[in-house]
Number of protein chains: 2
Amino acid sequence: MTVPLYQAKAEFFRTLGHPARIRVLELLSERDHAVHELLAAIEIEPSNLSQQLAVLRRAGLVAQRREGSEVVYSVSVPEVRDLLLAARVILRTLIDGQDQLKKDLRPVARTRR
Amino acid sequence: MTVPLYQAKAEFFRTLGHPARIRVLELLSERDHAVHELLAAIEIEPSNLSQQLAVLRRAGLVAQRREGSEVVYSVSVPEVRDLLLAARVILRTLIDGQDQLKKDLRPVARTRR
DNA sequence: GTGGTACATGAAGACTTCATCATGTGCGAA
DNA sequence: TTCGCACATGATGAAGTCTTCATGTACCAC
């Protein structure tokens, strides 16, 4: 491997760092989808979706295949599902933590006396 | 929650999308570290590290506390460890896949004729 | 062949993120 | 209180990312 591992890891996370790409991966981890199906679900310009799909393809996370007139995408690394799940757990913790923080901040004068 | 979940998720992944921040999280998930310890391990300008730490703090992923003259950081969401592990698994799959791809691409002239 | 639908690619500008440098703040020692 | 160390913050320019629009290619129907 030519690139340090932590840098590869950072690049990988950046690949996931876009709302449309997250949605695509979530939809694809349920089942394969044709582009027009993704398009119907995601609310995004067609060319923009194509570009985001290209990013995921270049990263090796999804694969495309042509079926007649349409192009079908699928997740090529099944573990992505686990990752999205782990992220969901952390996000829940973070959001709950924020709510808690708001409550804790109310009586701020008494945090230390 | 005011922000759609998939957008929060994308922001979260973008927070992880930087080599220095990955390294920090990896080091912190082993044990708490003072800033000067991180600095010794990471090879980065002090002010740059401070900024990356600020990003992680704002995201709620790490917490800081002062201990005498130094500042000690810790992971505030233990599940981050699981996430980094899941990422490692996927990355391994991807890298192995790339190696395979290289082999497959060698006889490229015969893919279609 | 022509036309239409489905998708991909390329280029350009707006926007965001990053690294660097200068300055600011909190703590301990003298 | 003044100095020095440890760290944080703010500003600036460079680099990267995103969206939009225009164009290009593959398939199907006719």
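Quantities reported herein were computed from a predicted structural model and do not represent experimental measurements. Throughout, protein chains are lettered first and strands after them, A, B, ... in sequence-line order, and every chain is numbered starting at 1.
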In residues 22-33 of chain A, which ones come under 4.0 Å of DNA chain C, going by heavy atoms?
->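 Under 4.0 Å from DNA chain C: no residue of residues 22-33 of chain A.
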
Heavy atoms under 4.0 Å, any strand shown: does [X] hit a base, just sugar-phosphate, or nothing?
X       : value
B:Gln64 : sugar-phosphate
B:Ser50 : base
B:Gln52 : sugar-phosphate

Let me know the distance between [atom1] of [X] and [atom2] of [N], rounded to the nearest Å.
X       : N      : atom1 : atom2 : result
A:Leu49 : D:dT20 : CG    : C1'   : 15 Å
A:Glu45 : D:dT23 : CD    : C1'   : 16 Å
B:Tyr73 : D:dA8  : OH    : C1'   : 8 Å
A:Ile44 : D:dC18 : CD1   : C1'   : 10 Å
B:Arg57 : D:dC7  : CZ    : P     : 12 Å
A:Gln7  : D:dG16 : CD    : C1'   : 14 Å
A:Arg14 : D:dA15 : CZ    : P     : 15 Å
B:His36 : D:dA6  : NE2   : P     : 8 Å

Under a 4.5 Å cut-off applied to non-hydrogen side-chain atoms, are A:Leu25 and A:Val62 in contact?
-> yes

Flag the pair B:Ile42 / A:Tyr6 as yes when at least one side-chain heavy-atom distance between them is below 4.5 Å, and no otherwise.
->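 Not in contact.
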
Could you tell me whether A:Glu26 and A:Arg88 make a salt bridge, using a distance below 4.0 angstrom between a side-chain N and a carboxylate O?
->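 A:Arg88 and A:Glu26: salt-bridged.
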
A:Glu43, CD: over 12 other non-hydrogen atoms inside 6.0 angstrom =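 Check fails, neighbour count at 12 or below.
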
Could you point out which residue of A:Arg65, A:Gln64, A:His33 forms a side-chain contact (heavy atoms from CB on, under 4.5 Å) with A:Val72?
-> A:Arg65

Give me the one residue out of A:Val55, A:Leu49, A:Leu53, A:Leu16 that meets side-chain contact (heavy atoms from CB on, under 4.5 Å) with A:Arg21.
-> A:Val55

Quick one: the side chain of A:Gln51 and the base of D:dT20, do they pair up donor-acceptor inside 3.5 Å?
-> yes

Test for a donor-acceptor pair under 3.5 Å between the base of D:dC21 and the side chain of A:Ser47, counting only N and O atoms.
-> yes

A:Ser69 or A:Ala54, whichever maps to the more 5' nucleotide of DNA chain C |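 Residue closer to the 5' terminus by nearest nucleotide: A:Ser69.
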
Between A:Gly17 and A:Glu67, just flag the one whose closest nucleotide in DNA chain D comes earlier from the 5' side.
->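 That would be A:Gly17.
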
Between B:Arg57 and B:Tyr73, is any side-chain donor less than 3.5 angstrom from a side-chain acceptor?
->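 There is such a pair (donor and acceptor under 3.5 Å, judged by atom type) between the side chains of B:Arg57 and B:Tyr73.
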
Minimal heavy-atom distance between B:Gln52 and B:Ile44, with the atoms involved, is CG-CD1, 4.4 Å

Start and end of chain B contact along DNA chain C [non-hydrogen atoms, under 4.0 Å] |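 Here the contact window of chain B covers C:dT17 to C:dG28.
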
Hey, is the main chain of A:Ala34 close enough, under 3.5 Å, to the side chain of A:Glu37 for a donor-acceptor pair?
->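 Between the backbone of A:Ala34 and the side chain of A:Glu37 there is a qualifying donor-acceptor contact (under 3.5 Å).
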
Is the backbone of B:Leu61 close enough, under 3.5 Å, to the side chain of B:Ser76 for a donor and an acceptor to pair up by distance?
-> yes

